[in-house]
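Here's the structure we're looking at; comments come further down.
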Amino acid sequence: MGRKFSLEIKDILSAAIEAAAKQGIDDGVFPEAELPAVVLEVPPKKEMGDFATNFAMQSARAFHKNPRQIAEALVERLKLAELEKAEIAGPGFINFYLKSNVIYDGLAKAIEMGEDFGNLPKKDIAPTQVEYVSANPTGPLHVGHGRGAAVGSALVNLLRAAGYPVSSEYYINDAGNQIDNLAASVNARYLEQFGKTVEFPENGYHGADIIDTAKRIIKKDGDKYLAMDEAERLKVFKEVALVEKLAALKEDLEAFNVTFDLWYSERTLHPDKVREAVEELKANGTIYEKDGALWLRSTDYGDDKDRVVIRDNGVPTYLAADIAYHRDKYERGFGRLINIWGADHHGYVCRVKAAMKALGKDPEKLTVLLLQMVALYRNGELVKMSKRTGQSVTLAELIEEVGADAARYFFCMRSLDSQLDFDLDLAKKQSNENPVYYIQYAHARIASIFRQAEGAGLSVGESPKLSLLTDDTELALIKKIEEYPEEVEKAAADLAPQRIARFAYDISALFHSFYAKCRIMGIEPELASARLALVGKAQQVIRHALGILGISAPEKM
RNA sequence: GCGAUAGUAGCUCAGUUGGAUAGAGCAACGGCCUUCUAAGCCGUGGGUCGGGGGUUCGAAUCCCUCCUGUCGCACCA
C-alpha cells in the first residue's frame with residue numbers, strides 16, 4: 001500500500017518551505033521566532049499554480065515583516081527539484097508550479113496501485129464503533145431512518161477506506177414500553193379480525209403492517225389465541241411481532257445496501273448490566289433517590305435538569321438502558337464511539353455523556369452525529385408525514401419509487417446537520433438534472449470506451465506515455481485523481497461522507513469535459529493508450545467513491 | 001422562555017485551523033450530435049454571504065447582539 005501522491009508532494013513542499021524559513025533565520029533576514037504550521041492548498045484558479053501557501057502571511061506577525069517581503073525571502077531560499085517555479089501573488093501567497101513530470105509520476109503511481117487506490121494505509125489503533133439506525137422494531141423504516149442508514153453505512157465505508165478499523169452496530173430496542181405497545185397493537189388487530197370491538201391502545205402503532213402481522217398469525221394459528229388469557233396472549237404476540245419486525249428491518253436495510261457487524265439486543269442489558277451501571281453511579285453519588293425514583297444528577301454535567309433512571313415503579317427508563325449500553329461499549333475497548341441519531345434526540349447527548357463521565361469514561365471518545373430531518377417533496381409540494389397515524393412514507397416505498405442508488409446519493413449529498421429537502425421527482429429523473437445519473441453515466445461511458453477500444457484492438461499497454469496528456473481537460477482530470485486519497489482522508493477526519501459525494505460529482509464533470517474534447521479512437525496509438533490509462537484511472541476513482549457511498553457503478557446505462 | 005441547529009444566486013446547496021475576484025447544480029437565455037453513450041459539452045446573465053456592531057493587514061468563516069426557520073425541553077423512546 002503506497003503513500004498518496006498529493007500528500008507526498010505536499011510533505012516535500014512543506015519541508016522545503018520550513019527549511020527556507022529556517023535558512024532565512026540563519027541568514028539574519030528573519031528574527032528568531034516560532035514558525036507557524038505550513039498549510040498548503042490547491043489554489044482557486046489553475047493559473048495560480050498547483051499548490052499555494054499562506055505561510056508568509058501567517059508568519060508576518062512573528063517575523064515583524066510584511067508578507068510579500070517574507071515571501072520573497074522565502075522564495076529566494078527555496079530549493080526543490082520538483083519545482084518549476086514559485087511566484088508571489090496577492091497579499092503574500094506563494095504559488096508553486098510543479099514540473100510536469102511530477103504530475104505524470106503521480107498518475108503512474110495511482111495506476112500502479114490499481115483498485116487499491118483510494119484505500120489508505122491501515123491505522124494501527126483501537127477500532128471505532130459506529131452505531132446507527134437503531135430504529136425501534138415496531139414497524140417499517142421510514143425515510144428519516146433511510147437518511148441515517150445511508151449516511152451511517154457510507155461513513156463506515158469511508159472510515160474503512162481511510163484505514164480505520166471499524167465495527168458497525170444496530171441497537172435493537174426490544175425491551176420496554178414500545179415493545180409492549182407493539183404487542184398490544186397486534187393484539188387489538190388480532191381481536192378485530194374476529195369482529196370484536198376493541199379500543200385501540202393509546203400509544204399503539206397504527207401502521208398497516210400491524211394488521212398484516214395479525215392476519216399472518218391467524219393464517220398460521222387461527223383463533224387459538226382467543227381463548228388464551230390476555231397477558232399470555234400479549235406475551236406470545238410480542239415475540240411473534242418482534243421476530244417479524246426485525247426480519248423486515250433487516251430486509252429493508254439489505255435492499256438499501258446496509259448491513260451491520262453486530263445487532264445488539266437491549267434485552268441482554270436487563271437486568272444485570274443495567275443494575276451494575278446504576279449501582280456504580282449510586283456508589284459514586286451521581287444517582288440519588290427522590291419521590292421513590294432514582295435520579296441521575298446530570299445537572300452537575302451541564303444538563304438543565306436531573307433525569308430519572310429508575311421510575312418509582314422500579315422499571316428502568318430508556319436512559320438507564322442507554323447508560324448501560326454505552327458503558328458496555330466503552331468496556332468492549334473501542335477507541336472511539338460514533339452514534340448517528342436523529343436531531344430530535346439531541347437533548348439526550350448531554351445526559352449520556354454526563355453518565356459516561358460519572359462512570360469515569362472519557363466523554364470525548366463519544367461523538368454523536370445529529371441528523372436533521374428529511375422533508376419529502378413531490379410535485380413541488382411537501383409530503384406530510386406522521387408516524388402516529390402510520391401515514392409516513394416508508395424506506396421500502398422510497399426505494400421502490402426512486403431506486404436505492406438515487407435515494408442513497410440524495411441522503412448522502414448534504415452535510416448531516418442540514419435539513420434535507422428530498423425532491424422525489426428529481427431523484428427519479430434519468431437526466432443530467434439528477435446528479436447520481438450524471439456520475440453513473442461517467443462510469444458507464446468509460447466502460448463503453450473500453451468495450452469499443454477492445455474491439456479496435458487498442459489497450460493501455462505496459463507503460464503508457466502519460467506525458468502525452470497535455471490538454472487542459474486532461475491535466476485537470478489527472479490532478480483531480482491525484483487529490484482523491486487526500487480527500488478520503490479529509491472526509492474521514494471530518495466524518496463527512498458528503499465530501500465524497502461531491503468529489504464523485506466533480507471528477508465526473510471533469511471526465512465529461514475531457515470526453516467532449518478529446519477522442520481516444522482514431523488517433524495516434526501512443527496517445528490513445530495514454531488516454532485509455534487516464535480514463536481507466538478516472539473510472540476506478542469514480543467506482544471507489546460510489547462504493548463508499550454504497551451506490552452501484554454500472555458498466556452500461 | 002431555555003437549548004441544539006440552520007439562514008450564502010430565483011430554487012437546492014458547497015465553502016473547517018480567518019486568506020486571492022464567494023463557488024456548483026437546477027431554473028433562464030444562446031450555441032454544439034455523419035466518428036468512442038447528447039443521461040453529454042461550451043458560453044451568458046444572476047450575490048447588501050439574514051440585519052447591526054466588534055476583533056485585524058484581511059471575516060461567509062471568530063466574538064457580541066437582534067431577526068427568522070426547524071427540532072427538542074417526560075418517571076416516551
- Message: Between A:H145 and A:D252, is there a side-chain donor-acceptor contact under 3.5 Å, judged purely by atom types and distance?
- Response: no
- Item | Approximate separation, where rounding is to 0.5 Å, of A:H64 NE2 and A:S59 OG | 11.0 Å
- Message: Taking 4.0 Å as the cut-off, does a side-chain nitrogen or oxygen of A:Y438 come that near to OP1 or OP2 on B:rC41?
- Response: yes
- Answer yes or no: does a side-chain N or O of A:S415 lie under 4.0 Å from OP1 or OP2 of B:rA14? yes
- Item | Under 4.0 angstrom between A:K305 side-chain N/O and B:rC75 OP1 or OP2 | yes
- Message: Ignoring hydrogens and geometry beyond distance, is a side-chain donor-acceptor pair present between A:D405 and A:Q440 at under 3.5 Å?
- Response: yes
- Task: For B:rC57, measure the glycosidic angle (O4'-C1'-N9-C4 for a purine, O4'-C1'-N1-C2 for a pyrimidine) and name it syn if it falls within 90° of 0, otherwise anti.
- Result: anti
Write down the protein N/O and nucleotide N/O pairs, taken from nucleotides 68-72 of chain B, whose separation is under 3.5 Å; answer none if there are no such pairs.
{"residue": "B:rG69", "atom": "N2", "partner": "A:Q419", "partner atom": "NE2", "Å": "2.8"}

- Looking only at side-chain N and O atoms, does A:S513 come under 4.0 Å of OP1 or OP2 in B:rC42? yes
- Message: Any base atoms under 4.0 Å from A:A456, or only sugar-phosphate, or nothing? Heavy atoms, all strands.
- Response: nothing
Identify each atom pair where a protein N or O and an N or O of nucleotides 29-36 of chain B are less than 3.5 Å apart, giving names and distance.
{"residue": "B:rC36", "atom": "O3'", "partner": "A:Q452", "partner atom": "NE2", "Å": "3.3"}
{"residue": "B:rC36", "atom": "O2", "partner": "A:M521", "partner atom": "N", "Å": "3.2"}
{"residue": "B:rC36", "atom": "N3", "partner": "A:I520", "partner atom": "N", "Å": "3.1"}
{"residue": "B:rC36", "atom": "N4", "partner": "A:Y515", "partner atom": "O", "Å": "3.2"}
{"residue": "B:rC36", "atom": "N4", "partner": "A:C518", "partner atom": "O", "Å": "2.6"}

- Item | Secondary-structure stems, RNA chain B, at least 3 Watson-Crick or G-U base pairs under 3.5 Å | B:1-7 with B:67-73, B:10-13 with B:23-26, B:28-32 with B:40-44, B:50-54 with B:62-66
- Return the orientation label for the A:W341 and A:Y348 ring planes: parallel under 30°, perpendicular over 60°, tilted otherwise. perpendicular
